[in-house]
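Down below is the structure, laid out as structure tokens.
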Amino acid sequence: MIYQAPVNELRFALQVHGRLPEILALPSAAGLDQDTVDAVLEEAGKFAEQELAPTNRTGDLNGARLVDGKVLTHPDLAQAFAAYRDAGWLGLRAPADYGGQGLPAVVSAACEEMWCSANLAFSLLPMLTLGAIEAILSHASDEQKQTYLPNMSQGLWSGTMNLTEPQAGTDLAQVASKAVPKDNGAYAVSGQKIFITWGDQELTENVIHLVLARLPDAPAGVKGISLFIVPKYLVNADGSLGARNAAHAVGLEHKLGIHASPTCVMQFDEAEGYLIGEAGKGLMYMFTMMNHARLGVGVEGHAVAERAYQAALAYARERVQSRDIGGHSKTPVTIIHHPDVRRMLLVQKATLAAQRALYMQAAAAIDTAHGHPNADEAARAEAVLNFLIPIVKSWCTDNGTVLTNLAMQVYGGMGYVEETGAAQYVRDVRITPIYEGANGIQALDLIGRKTAADGGAVARALLADGQSVAAKLASVDAELGAQLQQALALAEQSVADILAQMASNPELAAAASNAYLNQMGCTLGAVALARAHLAAQDALADVANAPLGEDFYQTQQHVTQVYFTQVLPQIHTHAALVHSGSPALLAVPLASF
């Protein structure tokens, strides 16, 4: 259960996929250099290993509790959060104007991977706080920003998202919470919200809830939803904390995993709240934080799988069982010698490398979209980001469940025993395909707003860029290059198929949407690993000046080869499902289920 932060892998991914040199050249990154980034990664890795990782099992065994109206966490977790806050980690990508460090999204994402691996339940608290910061920064008044952002950016106050209600899950048009104007210019917010992650706790001095609710005269549907700031404690004019607001956790969900993270039922009984921006635009405002949130969830699924892989690898190197099938000795060997165990481990390692590449690309697109001085370049980056987000969120989290199950399988029967820790990874990661819009919703988003809406322009541009990478790869390794070219051709056909189905029968496209998303993720992952293979080739050509060493770069090339032989062939099944549109799914009468 020991965790080792993959700092070198993150450095490599930042350079090759996160385009770190380009990001550091943006005006928004002024004053930041490579040496500083390296130092941040090193220190974040140490914090993850030494402070957070030991609390993972403690938090699982001693989950959050609701006692006398207070949500309590284990003292080890409280101590870790205090250390995290005091070291300034929560403010890593919080705005510098309000006390944060304002670092690029790619650097923050690399650190967030390590923290999510170390303790997923813990990492959700800062992730949601940063999301709330982003929404307030983008849409609130200057007075609201000055009131809330400095303490939130420093981790003294936390933030939450209050969307879901018992009758309103994915369909937020059904939100029924009410906000009634008060004489003092505020609003009395009433209603119940469920599944509110870190909805209450005693680790921070205040909790700033962002709540979706309706004004009395609001129209039905999403156009009637507004966004309100509802603090746990009211804030006085001088910035000090005032009276306790009528916003309370009235229950904690008993969950499969992430036990240390309190998932609250929140009750608002005429709690004082403050309108953000314009009435009726609450859902649009909340979606400001969705790209970061969905990227964050993709990182979560990846990160738990990374830690599960590390644990399985350590076990495989120690567990002695049976003789080597390819040798002549009858002496038992460690199970890493057995081909099928090697398959399971290497599929994990290769898929993790591809996932890391894709989330880095998305994070770099955030930095470019928000910080590039050329409006056209910023717009292109925004379009790429919008296309990648549902893929990163879904592909990395669906894979997260598959890879953690592979890690458990490496353990054999011991993996099913809680004491080894493998079972916790399986339980914890399972929430990630559900968080921030279940993966089926992401797939529909990909075929609709992200593919059909622009006639497949962004998808085809990414695939065309992949073809240029494939041509370079073919000059180094003809077989790998040909495999990638074939994969890209299949993906191009699937884009055409989805466009045709959306025009003629959207139900067919919807039935194939999951296959389309997984095909695009798998294919773009292959393009990314082709880039890694080429970057490793360049480094090996001048290995004396390569910063990470010959063995590291050779490993990157081995990883690419494994991915192309063991993972990439999945695209043929996905492409066949997309091409057919899966009509058999639609042909079955509901009574036959």
Are a donor atom and an acceptor atom from the side chains of [X] and [Y] found within less than 3.5 Å of each other?
X	Y	value
Gln355	Thr351	no
Asn151	Glu205	no
Ser240	Asn236	yes
Gln267	Gln192	yes

Minimum side-chain heavy-atom gap [X]-[Y] below 4.5 Å:
X	Y	result
His259	Arg427	yes
Leu227	Leu275	no
Val392	Val299	no
Leu156	Thr204	no
Asn184	Glu272	yes
Thr197	Ile258	no
Tyr516	Thr451	yes
Ile229	Pro231	yes

Do [X] and [Y] sit within salt-bridge range, that is, some charged N less than 4.0 Å from a carboxylate O?
X	Y	value
Lys46	Glu43	yes
Lys193	Glu165	yes
Glu270	Lys178	no
Glu419	Arg57	no

Any donor-acceptor pair under 3.5 Å linking the side chain of [X] with the backbone of [Y]?
X	Y	result
Arg356	Leu10	no
Tyr285	Glu278	yes
Gln167	Gln174	yes
Arg430	Pro433	no
His74	Asp76	yes
Gln154	Gly91	no
Thr397	Gly400	no
Ser226	Gly280	yes
Ser123	Leu120	yes

Considering non-hydrogen atoms only, spot the tightest contact between [X] and [Y] and give its length.
X	Y	answer
Lys145	Ala140	CE-O, 3.2 Å
Leu14	Ala110	CD1-CB, 4.3 Å
Pro390	Asp445	CG-OD2, 3.9 Å
Asn56	Ala118	CB-O, 3.3 Å
Asn162	Thr160	ND2-OG1, 2.8 Å
Leu52	Ala80	CD2-CB, 4.1 Å

May I have the step-by-step check of side-chain hydrogen bond (donor to acceptor under 3.5 Å, both in side chains) for Asp269 and Ser190, ending in yes or no?
CA-CA 5 Å; Asp269 293 315; Ser190 299; 5.7 Å; no
Can you tell me how far the [atom1] atom of [X] sits from the [atom2] atom of [Y], to the nearest 0.5 Å?
X	Y	atom1	atom2	answer
Lys393	Asn291	NZ	CG	13.5 Å
Leu24	Asp367	CG	CG	9.5 Å
Met114	Asn119	CE	CG	15.0 Å
Arg307	Ser117	CZ	OG	8.0 Å
Cys116	Glu300	SG	CD	5.0 Å
Thr263	His254	OG1	NE2	11.0 Å

Please report the C-alpha distance between Gln101 and Arg93 in whole Å, then the side-chain angles of each, then the deciding distance to 0.1 Å, and finally whether the side-chain contact (heavy atoms from CB on, under 4.5 Å) criterion is met.
CA-CA 6 Å; Gln101 298 175 49; Arg93 63 173 168 89; over 6 Å; no
Going by the angle between their ring planes, with limits at 30° and 60°, are Phe81 and Phe122 parallel, tilted or perpendicular?
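Tilted.
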Working for side-chain contact (heavy atoms from CB on, under 4.5 Å), residues Leu137 and Tyr98
CA-CA 10 Å; Leu137 181 68; Tyr98 296 97; 3.8 Å; yes
With a 6.0 Å cut-off on ring centres, are [X] and [Y] close enough?
X	Y	result
Phe47	Trp115	no
His209	Phe268	yes
Tyr274	Phe228	no

If you count heavy atoms of other groups shown closer than 6.0 angstrom to CZ of Arg65, is the number above 12?
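Result for CZ/Arg65: open.
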